[in-house]
There are 2 protein chains.
Amino acid sequence: MSKQAASSPRLDLTADAPCCPPLAQRRVPAGTAAALAPAFKALGDPVRLQLMSMIASAEGGEACVCDLTPAFDLTGPTISHHLKTLREAGLVDAERRGTWVYYRARPALLRQLAALLTVEPTAAS
Amino acid sequence: MSKQAASSPRLDLTADAPCCPPLAQRRVPAGTAAALAPAFKALGDPVRLQLMSMIASAEGGEACVCDLTPAFDLTGPTISHHLKTLREAGLVDAERRGTWVYYRARPALLRQLAALLTVEPTAAS
DNA sequence: CGTCTGCTTAGACAAACGTCGAGACAGGTT
DNA sequence: AACCTGTCTCGACGTTTGTCTAAGCAGACG
(Lines give C-alpha, C1' and ligand atoms only; values in the text may rest on other atoms or scores of the structure.)
Protein backbone atom coordinates (compact mmCIF):
# COMPACT_ATOMS: atom_id res chain seq x y z
CA MET A 1 0.00 0.00 0.00
CA SER A 2 1.47 3.29 -1.14
CA LYS A 3 5.10 3.93 -1.90
CA GLN A 4 5.65 6.57 0.70
CA ALA A 5 6.51 4.40 3.69
CA ALA A 6 10.28 4.67 3.62
CA SER A 7 10.82 4.26 7.34
CA SER A 8 9.64 1.28 9.38
CA PRO A 9 5.92 1.44 10.05
CA ARG A 10 6.32 0.17 13.59
CA LEU A 11 6.01 2.16 16.74
CA ASP A 12 4.22 0.02 19.32
CA LEU A 13 1.97 2.86 20.32
CA THR A 14 -0.64 0.58 21.79
CA ALA A 15 1.83 -0.44 24.47
CA ASP A 16 3.48 2.65 25.90
CA ALA A 17 2.99 6.27 24.92
CA PRO A 18 6.21 8.12 24.13
CA CYS A 19 4.77 10.10 21.27
CA CYS A 20 2.62 12.93 20.26
CA PRO A 21 3.62 16.53 20.21
CA PRO A 22 0.62 18.36 18.76
CA LEU A 23 0.10 17.93 15.05
CA ALA A 24 0.18 21.68 14.58
CA GLN A 25 3.38 22.16 16.50
CA ARG A 26 5.79 19.81 14.84
CA ARG A 27 5.51 17.91 11.58
CA VAL A 28 4.33 14.37 12.29
CA PRO A 29 6.94 11.86 11.06
CA ALA A 30 5.91 9.12 8.67
CA GLY A 31 6.28 6.38 11.26
CA THR A 32 4.02 8.10 13.76
CA ALA A 33 1.47 8.84 11.06
CA ALA A 34 1.45 5.21 9.97
CA ALA A 35 0.98 4.10 13.57
CA LEU A 36 -1.79 6.50 14.52
CA ALA A 37 -3.77 6.72 11.28
CA PRO A 38 -5.48 3.34 11.85
CA ALA A 39 -6.93 4.63 15.11
CA PHE A 40 -8.39 7.67 13.36
CA LYS A 41 -9.67 5.45 10.59
CA ALA A 42 -11.38 3.25 13.15
CA LEU A 43 -13.15 6.33 14.52
CA GLY A 44 -14.03 7.42 11.00
CA ASP A 45 -17.30 5.55 10.90
CA PRO A 46 -20.41 6.91 12.60
CA VAL A 47 -21.36 3.54 14.04
CA ARG A 48 -17.91 2.94 15.50
CA LEU A 49 -17.74 6.48 16.85
CA GLN A 50 -20.99 5.88 18.70
CA LEU A 51 -19.85 2.46 19.86
CA MET A 52 -16.63 3.99 21.16
CA SER A 53 -18.58 6.63 23.01
CA MET A 54 -21.07 4.16 24.45
CA ILE A 55 -18.22 2.03 25.74
CA ALA A 56 -16.10 4.88 27.07
CA SER A 57 -19.00 6.60 28.76
CA ALA A 58 -20.56 3.47 30.20
CA GLU A 59 -20.93 3.11 33.94
CA GLY A 60 -18.16 1.05 35.43
CA GLY A 61 -16.11 1.79 32.33
CA GLU A 62 -17.43 -1.19 30.43
CA ALA A 63 -20.34 -2.05 28.18
CA CYS A 64 -21.89 -5.38 27.24
CA VAL A 65 -22.36 -6.25 23.57
CA CYS A 66 -25.93 -7.11 24.47
CA ASP A 67 -26.45 -3.44 25.32
CA LEU A 68 -24.59 -2.10 22.31
CA THR A 69 -26.21 -4.13 19.55
CA PRO A 70 -29.87 -3.11 20.01
CA ALA A 71 -28.87 0.57 19.80
CA PHE A 72 -28.41 0.25 16.05
CA ASP A 73 -30.47 -0.96 13.14
CA LEU A 74 -27.70 -3.36 12.23
CA THR A 75 -27.29 -7.10 12.57
CA GLY A 76 -25.25 -8.69 15.31
CA PRO A 77 -22.40 -9.78 13.05
CA THR A 78 -22.04 -6.24 11.75
CA ILE A 79 -21.73 -4.78 15.23
CA SER A 80 -19.31 -7.55 16.10
CA HIS A 81 -17.24 -6.63 13.07
CA HIS A 82 -17.11 -2.97 14.07
CA LEU A 83 -16.10 -3.92 17.60
CA LYS A 84 -13.34 -6.06 16.18
CA THR A 85 -12.13 -3.07 14.18
CA LEU A 86 -12.02 -0.94 17.32
CA ARG A 87 -10.22 -3.75 19.13
CA GLU A 88 -7.60 -4.14 16.40
CA ALA A 89 -7.06 -0.39 16.42
CA GLY A 90 -6.18 -0.63 20.10
CA LEU A 91 -9.06 1.58 21.15
CA VAL A 92 -10.97 -0.96 23.19
CA ASP A 93 -10.43 -4.22 25.01
CA ALA A 94 -12.79 -7.17 25.25
CA GLU A 95 -13.36 -9.64 28.04
CA ARG A 96 -15.77 -12.54 28.22
CA ARG A 97 -17.44 -13.00 31.58
CA GLY A 98 -19.88 -15.87 31.64
CA THR A 99 -22.45 -15.51 28.93
CA TRP A 100 -21.67 -11.95 27.96
CA VAL A 101 -18.71 -10.12 26.48
CA TYR A 102 -17.77 -6.75 27.92
CA TYR A 103 -15.83 -4.03 26.15
CA ARG A 104 -13.86 -1.29 27.85
CA ALA A 105 -12.00 1.71 26.47
CA ARG A 106 -8.22 2.09 26.39
CA PRO A 107 -7.71 5.68 27.56
CA ALA A 108 -4.01 5.75 26.69
CA LEU A 109 -4.52 5.74 22.94
CA LEU A 110 -7.45 8.16 23.19
CA ARG A 111 -5.19 10.54 25.07
CA GLN A 112 -2.53 10.27 22.38
CA LEU A 113 -5.03 11.11 19.67
CA ALA A 114 -6.42 14.03 21.64
CA ALA A 115 -2.92 15.34 22.29
CA LEU A 116 -2.05 15.10 18.63
CA LEU A 117 -5.07 17.18 17.65
CA THR A 118 -4.58 19.80 20.33
CA VAL A 119 -4.15 23.34 19.06
CA GLU A 120 -3.36 26.52 20.92
CA PRO A 121 -6.52 28.19 22.29
CA THR A 122 -5.99 31.23 20.05
CA ALA A 123 -2.86 30.55 18.08
CA ALA A 124 -2.44 31.71 14.48
CA SER A 125 -4.43 34.42 12.74
CA MET B 1 -25.41 3.57 3.32
CA SER B 2 -26.32 1.78 6.56
CA LYS B 3 -29.73 1.64 8.05
CA GLN B 4 -28.88 3.11 11.42
CA ALA B 5 -29.45 6.78 10.74
CA ALA B 6 -32.90 7.18 12.21
CA SER B 7 -32.45 10.80 13.25
CA SER B 8 -31.51 13.59 10.89
CA PRO B 9 -27.84 13.35 9.90
CA ARG B 10 -27.41 17.09 9.73
CA LEU B 11 -25.56 19.28 12.14
CA ASP B 12 -23.59 21.86 10.21
CA LEU B 13 -20.52 21.38 12.34
CA THR B 14 -18.20 22.82 9.75
CA ALA B 15 -19.83 26.19 10.24
CA ASP B 16 -20.15 26.91 13.92
CA ALA B 17 -19.12 24.79 16.87
CA PRO B 18 -21.86 24.16 19.40
CA CYS B 19 -20.93 20.56 20.04
CA CYS B 20 -18.61 18.19 21.70
CA PRO B 21 -18.75 17.11 25.28
CA PRO B 22 -16.02 14.46 25.60
CA LEU B 23 -16.81 11.12 24.03
CA ALA B 24 -16.17 9.38 27.34
CA GLN B 25 -18.42 11.67 29.30
CA ARG B 26 -21.68 11.54 27.45
CA ARG B 27 -22.87 9.17 24.76
CA VAL B 28 -22.36 10.79 21.35
CA PRO B 29 -25.72 11.13 19.57
CA ALA B 30 -26.12 9.70 16.08
CA GLY B 31 -26.26 13.11 14.42
CA THR B 32 -23.02 14.28 15.97
CA ALA B 33 -21.34 10.99 15.11
CA ALA B 34 -22.46 11.29 11.49
CA ALA B 35 -21.17 14.84 11.33
CA LEU B 36 -17.78 14.25 12.94
CA ALA B 37 -16.91 10.80 11.61
CA PRO B 38 -15.91 12.12 8.16
CA ALA B 39 -13.26 14.31 9.77
CA PHE B 40 -11.79 11.32 11.59
CA LYS B 41 -11.97 9.31 8.42
CA ALA B 42 -10.06 12.01 6.58
CA LEU B 43 -7.32 11.77 9.21
CA GLY B 44 -7.37 7.99 8.97
CA ASP B 45 -4.78 7.85 6.21
CA PRO B 46 -1.07 8.21 6.96
CA VAL B 47 -0.48 10.50 3.99
CA ARG B 48 -3.35 12.80 4.92
CA LEU B 49 -2.29 12.83 8.56
CA GLN B 50 1.16 13.99 7.52
CA LEU B 51 -0.30 16.52 5.09
CA MET B 52 -2.54 17.87 7.84
CA SER B 53 0.44 18.19 10.13
CA MET B 54 2.64 19.82 7.52
CA ILE B 55 -0.08 22.37 6.83
CA ALA B 56 -0.99 23.04 10.45
CA SER B 57 2.61 23.34 11.57
CA ALA B 58 3.80 25.41 8.62
CA GLU B 59 5.21 28.84 9.22
CA GLY B 60 2.66 31.56 8.63
CA GLY B 61 -0.03 28.93 9.10
CA GLU B 62 -0.06 27.97 5.46
CA ALA B 63 1.74 25.59 3.15
CA CYS B 64 2.15 25.57 -0.62
CA VAL B 65 1.24 22.44 -2.56
CA CYS B 66 4.62 22.74 -4.21
CA ASP B 67 6.19 22.12 -0.81
CA LEU B 68 3.84 19.31 0.16
CA THR B 69 4.03 17.17 -2.96
CA PRO B 70 7.78 16.42 -3.03
CA ALA B 71 7.61 15.14 0.56
CA PHE B 72 5.95 11.94 -0.62
CA ASP B 73 6.70 9.25 -3.16
CA LEU B 74 3.30 9.86 -4.73
CA THR B 75 2.20 11.56 -7.92
CA GLY B 76 0.84 15.09 -7.96
CA PRO B 77 -2.73 14.08 -8.68
CA THR B 78 -2.71 11.71 -5.74
CA ILE B 79 -1.60 14.44 -3.33
CA SER B 80 -4.20 16.73 -4.86
CA HIS B 81 -6.83 14.09 -4.24
CA HIS B 82 -5.83 13.76 -0.59
CA LEU B 83 -5.91 17.53 -0.17
CA LYS B 84 -9.38 17.59 -1.65
CA THR B 85 -10.44 14.99 0.89
CA LEU B 86 -9.10 17.13 3.73
CA ARG B 87 -10.83 20.15 2.23
CA GLU B 88 -14.17 18.38 1.93
CA ALA B 89 -13.83 17.21 5.51
CA GLY B 90 -13.56 20.83 6.58
CA LEU B 91 -10.08 20.37 7.99
CA VAL B 92 -8.24 22.71 5.64
CA ASP B 93 -8.91 25.63 3.36
CA ALA B 94 -7.29 26.39 0.01
CA GLU B 95 -6.46 29.66 -1.63
CA ARG B 96 -4.80 30.32 -4.96
CA ARG B 97 -2.33 33.17 -4.96
CA GLY B 98 -0.67 33.74 -8.30
CA THR B 99 0.97 30.60 -9.51
CA TRP B 100 0.73 28.60 -6.32
CA VAL B 101 -2.06 27.24 -4.16
CA TYR B 102 -1.75 27.58 -0.41
CA TYR B 103 -3.49 25.42 2.18
CA ARG B 104 -4.19 26.43 5.75
CA ALA B 105 -5.68 24.53 8.69
CA ARG B 106 -9.10 25.15 10.17
CA PRO B 107 -8.40 25.08 13.90
CA ALA B 108 -12.07 25.07 14.89
CA LEU B 109 -12.77 21.55 13.69
CA LEU B 110 -9.46 20.27 15.04
CA ARG B 111 -10.43 21.64 18.43
CA GLN B 112 -13.78 19.88 18.26
CA LEU B 113 -12.13 16.58 17.50
CA ALA B 114 -9.59 17.03 20.27
CA ALA B 115 -12.32 17.95 22.73
CA LEU B 116 -14.31 14.89 21.78
CA LEU B 117 -11.37 12.58 22.45
CA THR B 118 -10.41 14.22 25.72
CA VAL B 119 -10.41 11.92 28.73
CA GLU B 120 -9.85 12.72 32.38
CA PRO B 121 -6.14 12.62 33.28
CA THR B 122 -6.79 9.70 35.64
CA ALA B 123 -10.52 9.11 35.46
CA ALA B 124 -12.11 5.68 35.61
CA SER B 125 -10.48 2.37 36.53
C1' DC C 1 0.18 34.94 -28.88
C1' DG C 2 2.34 30.64 -27.71
C1' DT C 3 4.27 27.96 -24.37
C1' DC C 4 5.70 26.48 -19.96
C1' DT C 5 4.82 25.23 -15.13
C1' DG C 6 1.61 24.24 -11.18
C1' DC C 7 -2.50 22.18 -9.78
C1' DT C 8 -6.94 19.91 -10.52
C1' DT C 9 -10.30 16.92 -12.89
C1' DA C 10 -11.61 12.63 -15.29
C1' DG C 11 -11.42 7.86 -16.02
C1' DA C 12 -9.74 3.25 -14.80
C1' DC C 13 -8.56 -0.46 -11.79
C1' DA C 14 -7.22 -3.29 -7.70
C1' DA C 15 -7.76 -3.40 -2.86
C1' DA C 16 -10.30 -2.46 1.22
C1' DC C 17 -14.71 -1.60 3.52
C1' DG C 18 -19.62 -2.17 5.34
C1' DT C 19 -23.20 -5.07 5.31
C1' DC C 20 -25.60 -9.36 5.34
C1' DG C 21 -26.95 -14.51 5.97
C1' DA C 22 -25.41 -18.95 7.47
C1' DG C 23 -22.94 -21.45 10.43
C1' DA C 24 -19.72 -22.36 14.55
C1' DC C 25 -18.43 -21.96 19.29
C1' DA C 26 -19.16 -20.93 24.43
C1' DG C 27 -21.92 -21.06 28.53
C1' DG C 28 -25.96 -21.57 30.97
C1' DT C 29 -30.51 -24.16 31.73
C1' DT C 30 -33.63 -27.89 31.75
C1' DA D 1 -27.44 -34.91 27.27
C1' DA D 2 -30.09 -31.83 24.72
C1' DC D 3 -31.21 -27.32 23.99
C1' DC D 4 -31.22 -22.31 24.00
C1' DT D 5 -29.07 -17.81 23.92
C1' DG D 6 -25.22 -14.67 23.10
C1' DT D 7 -21.23 -13.69 20.33
C1' DC D 8 -17.91 -14.46 16.74
C1' DT D 9 -16.17 -16.36 12.16
C1' DC D 10 -16.78 -17.20 7.27
C1' DG D 11 -18.08 -16.15 2.47
C1' DA D 12 -20.39 -13.24 -0.49
C1' DC D 13 -21.87 -8.91 -2.62
C1' DG D 14 -21.98 -4.05 -3.79
C1' DT D 15 -19.71 0.37 -2.66
C1' DT D 16 -15.92 3.22 -1.54
C1' DT D 17 -10.99 4.25 -1.44
C1' DG D 18 -6.09 4.99 -3.02
C1' DT D 19 -3.42 5.06 -6.76
C1' DC D 20 -2.15 5.78 -11.46
C1' DT D 21 -2.09 7.96 -16.40
C1' DA D 22 -3.99 11.29 -19.45
C1' DA D 23 -6.08 15.40 -20.19
C1' DG D 24 -7.78 20.08 -18.72
C1' DC D 25 -7.55 24.83 -16.61
C1' DA D 26 -4.99 29.01 -14.64
C1' DG D 27 -1.20 32.19 -14.37
C1' DA D 28 3.40 33.67 -15.65
C1' DC D 29 6.72 34.66 -19.10
C1' DG D 30 8.98 34.89 -23.46
Side-chain angles (χ1 to χ4, degrees), chain A residues 1-6 9 30 33-34 37-52 54-55 62-89 91-104, chain B residues 1-6 9 30 33-34 37-52 54-55 62-89 91-104:
Chain A
M1 51 182 80
S2 99
K3 305 187 290 181
Q4 64 84 33
F40 283 119
K41 182 190 284 191
L43 294 176
D45 181 282
V47 174
R48 287 195 295 264
L49 197 51
Q50 287 182 82
L51 282 171
M52 188 68 220
M54 293 172 73
I55 294 168
E62 59 184 13
C64 172
V65 175
C66 59
D67 290 330
L68 299 174
T69 304
F72 303 87
D73 287 350
L74 293 170
T75 65
T78 297
I79 297 299
S80 186
H81 161 70
H82 283 307
L83 288 171
K84 181 181 180 182
T85 301
L86 289 173
R87 218 183 319 134
E88 288 177 345
L91 287 165
V92 301
D93 221 349
E95 181 194 359
R96 162 159 241 137
R97 220 149 57 226
T99 305
W100 292 283
V101 175
Y102 294 90
Y103 280 76
R104 77 172 50 232
Chain B
M1 51 177 79
S2 99
K3 305 186 293 180
Q4 64 85 33
F40 283 119
K41 183 191 283 191
L43 294 176
D45 181 281
V47 174
R48 287 195 295 265
L49 197 51
Q50 286 182 83
L51 283 171
M52 189 67 220
M54 294 172 72
I55 294 168
E62 59 184 14
C64 172
V65 176
C66 58
D67 289 331
L68 300 174
T69 303
F72 303 88
D73 287 350
L74 293 171
T75 65
T78 298
I79 298 298
S80 186
H81 160 70
H82 283 307
L83 289 171
K84 181 181 181 183
T85 301
L86 289 174
R87 218 183 319 134
E88 290 177 343
L91 287 165
V92 301
D93 221 347
E95 182 195 358
R96 159 159 242 139
R97 220 149 55 227
T99 305
W100 293 283
V101 176
Y102 295 90
Y103 279 76
R104 78 171 50 230

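Residue numbering restarts at 1 for every chain, and letters A, B, ... go by the order of the sequence lines.
When the side-chain nitrogen and oxygen atoms of B/T75 are compared with OP1 and OP2 of D/dC20, one or more of them lie within a distance under 4.0 Å. For A/T78, a side-chain nitrogen or oxygen approaches OP1 or OP2 of C/dC20 to under 4.0 Å. Between B/K41 and D/dT17, a side-chain N or O to OP1/OP2 separation shorter than 4.0 Å is present.
With sequence neighbours excluded, the residues satisfying side-chain hydrogen bond (donor to acceptor under 3.5 Å, both in side chains) with A/H82 are A/R48. For A/R87, the side-chain contact (heavy atoms from CB on, under 4.5 Å) partners two or more places apart in sequence, or in a different chain, are A/K84, A/V92, A/A94, A/Y103. Every residue two or more places apart in sequence or in another chain was checked for a side-chain contact (heavy atoms from CB on, under 4.5 Å) with A/S80, and none qualifies. Contacts of A/T85 classified as side-chain hydrogen bond (donor to acceptor under 3.5 Å, both in side chains), with partners at least two apart in sequence or in another chain: none. A/C64 is linked by a side-chain contact (heavy atoms from CB on, under 4.5 Å) to A/C66, A/D67, A/W100, A/Y102, counting only residues two or more places apart in sequence or in another chain.
We find that OH of B/Y102 is positioned 9 Å from P of C/dC7, with the value rounded to whole Å. When rounded to the nearest whole Å, the span between CG of B/D73 and P of D/dT19 equals 11 Å. Per the geometry, CG belonging to A/L74 stands 14 Å off C1' belonging to C/dC17, to the nearest Å. In this structure, B/R97 atom CZ and D/dA28 atom P are separated by 12 Å, rounded to whole Å. Taking atom CZ of B/F72 as the reference point, atom C1' of D/dG18 lies 14 Å away to the nearest angstrom.
Taken from CG in B/L83 to CG in B/L91, the straight-line distance is 11.5 Å, to the nearest 0.5 Å.
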Seminar exercise, completed: Counting primed atoms, P, OP1 and OP2 as sugar-phosphate and everything else as base, the B/S/- map of nucleotides 1-9 of chain D against protein heavy atoms under 4.0 Å is -----SSBB

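Closest-nucleotide positions on DNA chain C for A/G98 and A/D45 were compared, and the one nearer the 5' end corresponds to A/D45.
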